[in-house]
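One structure is given below, encoded as structure tokens.
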Amino acid sequence: MLTIKQITENTEAVIRGLEKKHFKNAKETIDQVIALNDKRRTTQNQLDKNLAEVNSLSRTIGQLMKEGKKEEAESARARVAELKEGNKELDAVMTQAATEMQNVLYTIPNVPYDSVPEGVGAEDNVVEKMGGMETELPKDALPHWELAKKYDLIDFDLGVKITGAGFPVYKGKGAQLQRALINFFLDEARKSGYTEIMPPTVVNAASGYGTGQLPDKEGQMYHCEVDDLYLIPTAEVPVTNIYRNVILEEKQLPIMNCAYTQCFRREAGSYGKDVRGLNRLHEFSKVELVRIDKPEHSKQSHQEMLDHVEGLLQKLELPYRILRLCGGDMSFTAALCFDFEVYSEAQKRWLEVSSVSNFDTYQANRLKCRYRNADKKTELCHTLNGSALALPRIVAALLENNQTPEGIRIPKALVPYCGFDMID
């Protein structure tokens with residue numbers, strides 16, 4: 001959430017940034033926030049004056065009675081009663097203005113950094129780097145959903161029977177490959193200095209608002225209505241919320257956490273070839289990185305996270321590219337985001353496997369996540385997160401890009417985790 005200070009001190013810059021994200025009615029919305037804030041402040045000032053007058057009159061009433069000035073004392077009492085009654089109305093007006101302002105602020109996305117490219121959608125993203133190993137497949141190469149059936153690795157129909165579309169059942173070496181990837185990603189994160197967290201996979205609404213999934217992504221989340229809890233779309237939500245309403249010491253930063261969880265997304269409106277097989281699921285496994293940092297160090301933290309994800313893809317021997325997302329393709333909460341995509345040789349398309357984002361102070365302001373600097377003053381932290389990695393499309397690319405006439409080859413780095421070097 002943007003702070004009132006950010007909006008009022010840099011109004012025009014904020015509006016330009018929101019327009020870069022193609023946020024509709026940016027100027028009108030910001031003007032509404034400023035008007036509500038002015039109303040709140042004006043009402044607060046009047047309330048403060050009234051309270052000061054009440055306190056002053058209350059102190060004089062006793063003295064007036066001692067001096068026998070009963071009429072003046074009664075007049076003062078009447079004025080105090082009048083002020084107190086008026087204060088109730090002022091307090092109600094101030095509370096309503098503050099609530100309305102907060103609700104509008106919740107609907108405003110983060111302002112992108114200047115380094116974010118202009119653009120409307122995915123076609124306007126900028127390719128920053130390409131890497132990995134080129135793949136040459138047999139002429140009769142199969143997509144992963146056919147490979148999964150051929151080698152009895154994943155049963156999509158059984159998932160439909162048990163739950164519905166988008167909930168696959170992993171079997172045998174397919175299940176072992178999943179577990180191998182999870183353990184590999186967690187081990188690599190620990191080697192890089194991340195502390196593993198095992199959080200709940202359901203969160204309350206306050207947590208959803210804290211990281212910005214609510215109200216923006218409410219329609220994409222599974223909601224347990226009886227208990228008013230939400231299934232998490234990513235471990236970012238529970239892990240970042242550990243630091244909600246927390247004041248950290250500067251020496252604690254940067255905080256580096258990782259977590260493996262199941263993730264749940266309704267993916268409403270998804271259809272067509274892009275949802276075939278593992279390309280887009282309602283439930284999937286993911287290892288997430290979360291960092292809490294000082295503003296002056298968050299750029300370095302972001303680069304370290306990018307280097308970490310790139311290192312994973314290199315060890316998995318997959319062809320990949322890194323995209324700097326344009327304003328129109330960025331998430332609601334991000335100030336700067338890079339996507340990692342792996343190339344599926346069998347499908348002839350790029351598959352997104354990670355987004356690594358810097359949220360600046362946007363989430364921290366919603367979370368009230370602060371740190372105490374060397375001068376003992378509290379400041380908002382910066383929050384960052386990234387997938388390292390999301391499994392479904394990694395599995396899809398591994399199966400497709402490593403198929404041979406003898407079977408599916410396992411990348412060298414994964415063999416100790418799988419316990420086998422070939423799926424046959």
Side-chain angles (χ1 to χ4, degrees), residues 1 92 95-96 98-110 154-170 175 178-179 182 196-246 257-271 275 278-290 292 331-334 355 357 359 362-369 383 385 387 390-392:
M1 187 168 62
T95 299
Q96 183 178 358
T99 300
E100 289 180 11
M101 183 181 70
Q102 183 89 346
N103 289 337
V104 175
L105 284 171
Y106 276 138
T107 70
I108 300 173
N110 199 359
I154 308 167
D155 195 323
F156 295 99
D157 293 334
L158 188 56
V160 171
K161 173 186 175 181
I162 296 170
T163 308
F167 296 88
V169 175
Y170 298 86
Q178 279 277 113
R179 183 62 63 187
I182 293 165
E196 185 178 352
I197 304 292
M198 189 174 286
T201 51
V202 292
V203 294
N204 54 32
S207 293
Y209 276 96
T211 45
Q213 275 69 32
L214 297 176
D216 179 59
K217 292 290 187 294
E218 186 165 12
Q220 294 292 341
M221 296 173 72
Y222 285 98
H223 186 200
C224 309
E225 294 183 6
V226 173
D227 300 303
D228 193 23
L229 297 173
Y230 294 84
L231 301 185
I232 63 168
T234 166
E236 166 202 348
V237 182
V239 175
T240 310
N241 269 277
I242 292 171
Y243 306 98
R244 174 157 44 97
N245 297 320
V246 171
N257 290 332
C258 67
Y260 151 67
T261 63
Q262 291 297 98
C263 303
F264 304 86
R265 299 182 186 180
R266 293 187 60 240
E267 298 288 4
S270 298
Y271 59 92
V275 303
L278 297 172
N279 287 345
R280 194 172 296 275
L281 301 177
H282 294 305
E283 179 181 359
F284 59 96
S285 302
K286 182 154 69 84
V287 172
E288 192 78 0
L289 306 180
V290 172
I292 313 292
S331 73
F332 183 84
T333 49
S355 291
S357 303
F359 304 109
Y362 187 85
Q363 285 184 333
N365 186 41
R366 297 170 77 115
L367 293 158
K368 299 297 178 282
C369 173
T383 63
N385 84 275
S387 311
L391 270 71

Any [X] side-chain heavy atom under 4.5 Å of [Y] side chain:
X	Y	result
S387	E288	yes
T383	E236	no
L214	K217	no
P233	Q213	yes
N110	Q363	no
K161	L158	yes
R265	F284	yes
V202	I232	no

Polar contact flag, side-chain donor to acceptor under 3.5 angstrom, Q262-Y260: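 There is such a pair between these side chains.
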With I197, the side-chain contact (heavy atoms from CB on, under 4.5 Å) member among V290, N257, T261: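 Output: one option passes, namely N257.
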Derivation and outcome, side-chain contact (heavy atoms from CB on, under 4.5 Å), residues T333 and T211: CA-CA 8 Å; T333 49; T211 45; over 6 Å; no
Candidate pair Y230 and V237, rule side-chain contact (heavy atoms from CB on, under 4.5 Å), full reasoning: CA-CA 10 Å; Y230 294 84; V237 182; over 6 Å; no
Compare every heavy atom of [Y] with every heavy atom of [X], then report the nearest pair and how far apart it is.
X	Y	value
R366	G210	CB-O, 3.4 Å
G166	L281	O-CB, 3.6 Å
P199	A259	CD-CB, 4.0 Å
Y106	F332	O-CZ, 3.4 Å

Check: T107 side chain, V104 main-chain N or O, donor-acceptor pair, under 3.5 Å: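 Yes.
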Sidechain-backbone polar pair: D155 side chain, V169 backbone, donor-acceptor under 3.5 Å: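 Between the backbone of V169 and the side chain of D155 there is no qualifying donor-acceptor contact (under 3.5 Å).
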From CA spacing to verdict: side-chain contact (heavy atoms from CB on, under 4.5 Å), T201, L231: CA-CA 6 Å; T201 51; L231 301 185; 5.8 Å; no
Check against side-chain contact (heavy atoms from CB on, under 4.5 Å), L229 and N204: CA-CA 5 Å; L229 297 173; N204 54 32; 4.0 Å; yes
Nearest-0.5 Å distance, [atom1] of residue [X] to [atom2] of residue [Y]:
X	Y	atom1	atom2	answer
H282	R266	NE2	CZ	8.5 Å
L367	T240	CG	OG1	7.0 Å
I292	I242	CD1	CD1	9.0 Å
E196	M198	CD	CE	5.5 Å

